[in-house]
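Proteins come first, then strands; the chains are lettered A, B, ... in the order of their sequence lines, and each starts at number 1.
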Protein chains: 2
Amino acid sequence: MKDAMKDAMKDAMKDAMTSPDAPPLQPIGVAVDVILFTILDDTLQVLLVDRLSQPFDGLRAVPGGLVERREELACAARRILRAQTGLDVDWLEQLYTFDAVDRDPRRRVLSVSWYALVAPNALEDEAVPESAWGAAWHPARALPALAFDHARQIEAAMTRLRYKIEYTPAAFHLLDSTFTLSELQRVYEVILAQELDKRNFRRRVQSLDLVEETGQLRREGTRRPARLYRFRDEGFERAGGGVLLRF
Amino acid sequence: MKDAMKDAMKDAMKDAMTSPDAPPLQPIGVAVDVILFTILDDTLQVLLVDRLSQPFDGLRAVPGGLVERREELACAARRILRAQTGLDVDWLEQLYTFDAVDRDPRRRVLSVSWYALVAPNALEDEAVPESAWGAAWHPARALPALAFDHARQIEAAMTRLRYKIEYTPAAFHLLDSTFTLSELQRVYEVILAQELDKRNFRRRVQSLDLVEETGQLRREGTRRPARLYRFRDEGFERAGGGVLLRF
DNA sequence: CAATAAAGTGTCATTCCGACACCAACCCTT
DNA sequence: AAGGGTTGGTGTCGGAATGACACTTTATTG
């Protein structure tokens with residue numbers, strides 16, 4: 001720890017020294033936090049880890065950590081996610097930069113917040129390593145006490161997500177590459193927190209050419225098998241960024 | 001300058017020292033940049049200042065600068081706007097945090113980017129001080145060469161603005177507190193870069209109760225005077241965040 | 001008082017949207 | 001083999017919203 005501190009100070013010195021014309025550094029820390037969503041048990045879930053040290057020892061938090069000196073923020077977010085959860089995500093978007101001066105009681109640390117989406121079965125495949133972090137899913141609408149300003153961050157991420165699924169293909173990243181229309185509908189219902197009419201939903205999705213049949217069926221349990229679909233990029237592209245799925 | 005450097009290092013040391021449990025600082029600089037829009041000559045305009053030193057000496061840039069140690073980002077943005085342009089804005093929103101490692105050739109500096117809106121006559125009142133900064137309006141769709149990643153930032157801000165005027169009262173901040181419906185329509189036309197039908201536009205605005213008559217008229221030039229309106233908060237609130245003005 | 005220039009106003013045809021209910025297909029049980 | 005259970009899958013219709021469209025009004029100026 002002492003060595004790390006010395007290193008940081010050497011870095012600071014070098015940075016200040018090598019560019020005589022550069023204005024002085026303000027020692028503001030930069031962290032990223034990642035709100036990782038999935039849908040499990042027909043519920044929107046957020047991945048939380050345990051905090052094992054001060055501050056906020058014993059509370060839960062979203063995965064996060066300091067950004068390295070020459071690391072892009074999105075890379076930091078992915079690195080931290082991988083380290084704390086073992087997951088690789090394919091949807092990762094910057095959410096907001098949280099900057100309250102006292103959001104970290106130790107010193108000034110900005111949090112550049114991101115949100116990410118994974119399909120629920122990513123769990124089974126990659127197995128969230130219980131490791132030291134105690135990563136686990138929690139229902140997004142019934143969260144325990146959280147460290148830092150993470151409750152606010154999750155709130156903001158949920159709001160953003162509600163908007164995003166209406167005019168981007170975000171929802172598809174909460175599903176496998178093939179899915180049934182009922183599964184797709186459930187994603188929208190869970191995120192929007194309202195029931196949708198099955199026929200109207202299908203009319204929209206199909207008239208926008210957002211999906212195409214794979215020709216295969218999902219047979220599951222004791223009931224009629226459902227047709228499997230896959231997402232069609234061209235649908236969203238052709239629609240050109242307007243609002244697409246409004247319910 | 002040397003003193004400033006010493007101060008920065010002292011700060012860094014203090015920060016690292018006072019919290020033995022705090023992880024080491026990464027010396028990443030934090031700046032804010034502000035894309036300030038107005039509408040002038042029926043054109044969307046961006047305020048640019050001259051760069052008078054390296055890097056990018058001689059180019060134009062949006063107002064920006066380093067954040068102070070205990071300063072919230074929005075405060076920094078307002079402080080810098082005031083210093084470089086003399087303007088106080090009432091609409092200021094965080095846009096995005098730009099983080100390319102080499103966006104500042106001297107060293108790693110994040111830019112938390114904001115966009116702001118002012119009514120065009122703010123100019124005449126407060127008189128953009130030509131001062132050292134050479135602040136001046138430039139048509140947003142015909143910009144000169146810009147410092148840093150500011151061209152990309154402006155692009156992002158314009159995209160955001162296009163969305164925002166559809167579901168927030170942003171457009172009204174580009175007008176005086178009272179305005180004619182034609183002026184309001186021109187704001188939408190300029191930002192969306194498309195002509196709108198006068199009667200359909202008025203139908204929407206009035207059916208949503210976004211405006212109320214002041215009872216006064218604007219007489220201007222050689223033509224029929226127009227009724228003056230003012231914005232009604234309740235309109236947007238009642239509409240509850242859905243899409244309101246879609247053309 | 002004529003010319004000019006923007007302000008202001010209504011209709012109609014089309015499309016979009018939301019509400020609504022039943023049969024089909026499969027599996028399992030008996 | 002028949003029947004029950006469960007989800008999958010489909011069409012219509014009435015009302016609302018949308019987009020296209022042109023003329024009259026009201027002021028000023030010469």
Rounded to the nearest Å, what distance is computed from the [atom1] atom of residue [X] to the [atom2] atom of nucleotide [N]?
{"X": "B/L217", "N": "D/dT26", "atom1": "CG", "atom2": "P", "value": "12 Å"}
{"X": "A/E213", "N": "D/dG8", "atom1": "CD", "atom2": "P", "value": "15 Å"}
{"X": "A/L181", "N": "D/dG9", "atom1": "CG", "atom2": "C1'", "value": "9 Å"}

* salt bridge (Lys or Arg N to Asp or Glu O under 4.0 Å) with B/R218: which residues, sequence neighbours excluded? -> B/E183
* Tell me, please, which residues at least two apart from B/D99 pass salt bridge (Lys or Arg N to Asp or Glu O under 4.0 Å). =>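 With neighbours one apart ignored, the set is empty.
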Applying side chain to side chain contact (heavy atoms under 4.5 Å, CB included), name anything that partners [X], two or more places apart in sequence or on another chain.
{"X": "B/R224", "answer": "none"}
{"X": "A/T214", "answer": "A/T178, A/Q216, A/L228, A/R230"}
{"X": "B/R78", "answer": "B/R82, B/V89, B/L92"}

* Structure fact -> At a 4.0 Å cut-off to heavy atoms of chain A, the contacted part of DNA chain C spans C/dC17 to C/dC28
* Mind checking A/S182 for me? I need base, sugar-phosphate or nothing, with any heavy atom below 4.0 Å counting as a touch. =>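 Contact class for A/S182: sugar-phosphate only.
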Donor-acceptor contacts under 3.5 Å from residues 190-198 of chain B side chains, at least two apart:
unit_1 : atom_1 : unit_2 : atom_2 : d
B/D197 : OD2    : B/R199 : N      : 3.0
B/D197 : OD2    : B/N200 : N      : 2.9

* What residues form a side chain to side chain donor-acceptor pair (under 3.5 Å) with B/S111, not counting sequence neighbours? -> B/D33, B/Q153
* To do: Could you list the residues that satisfy side chain to side chain donor-acceptor pair (under 3.5 Å) with A/R60, not counting sequence neighbours?
  =>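 For A/R60, the residues satisfying side chain to side chain donor-acceptor pair (under 3.5 Å) (neighbours in sequence not counted) are A/D50.
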* To do: Quick one, give me the B/S/- string for nucleotides 11-21 of chain D, reading 5' to 3', where B means a protein heavy atom under 4.0 Å from the base and S means that only happens at the primed atoms, P, OP1 or OP2.
  => B------BBBB
* Qualifying residues under ring pair (Phe, Tyr, Trp, His ring centres under 6.0 Å), relative to A/Y229, sequence neighbours excluded -> none
Pairs: protein N or O with nucleotides 1-5 of chain D N or O, under 3.5 Å:
unit_1 : atom_1 : unit_2 : atom_2 : d
D/dG5  : N2     : A/T222 : O      : 2.7

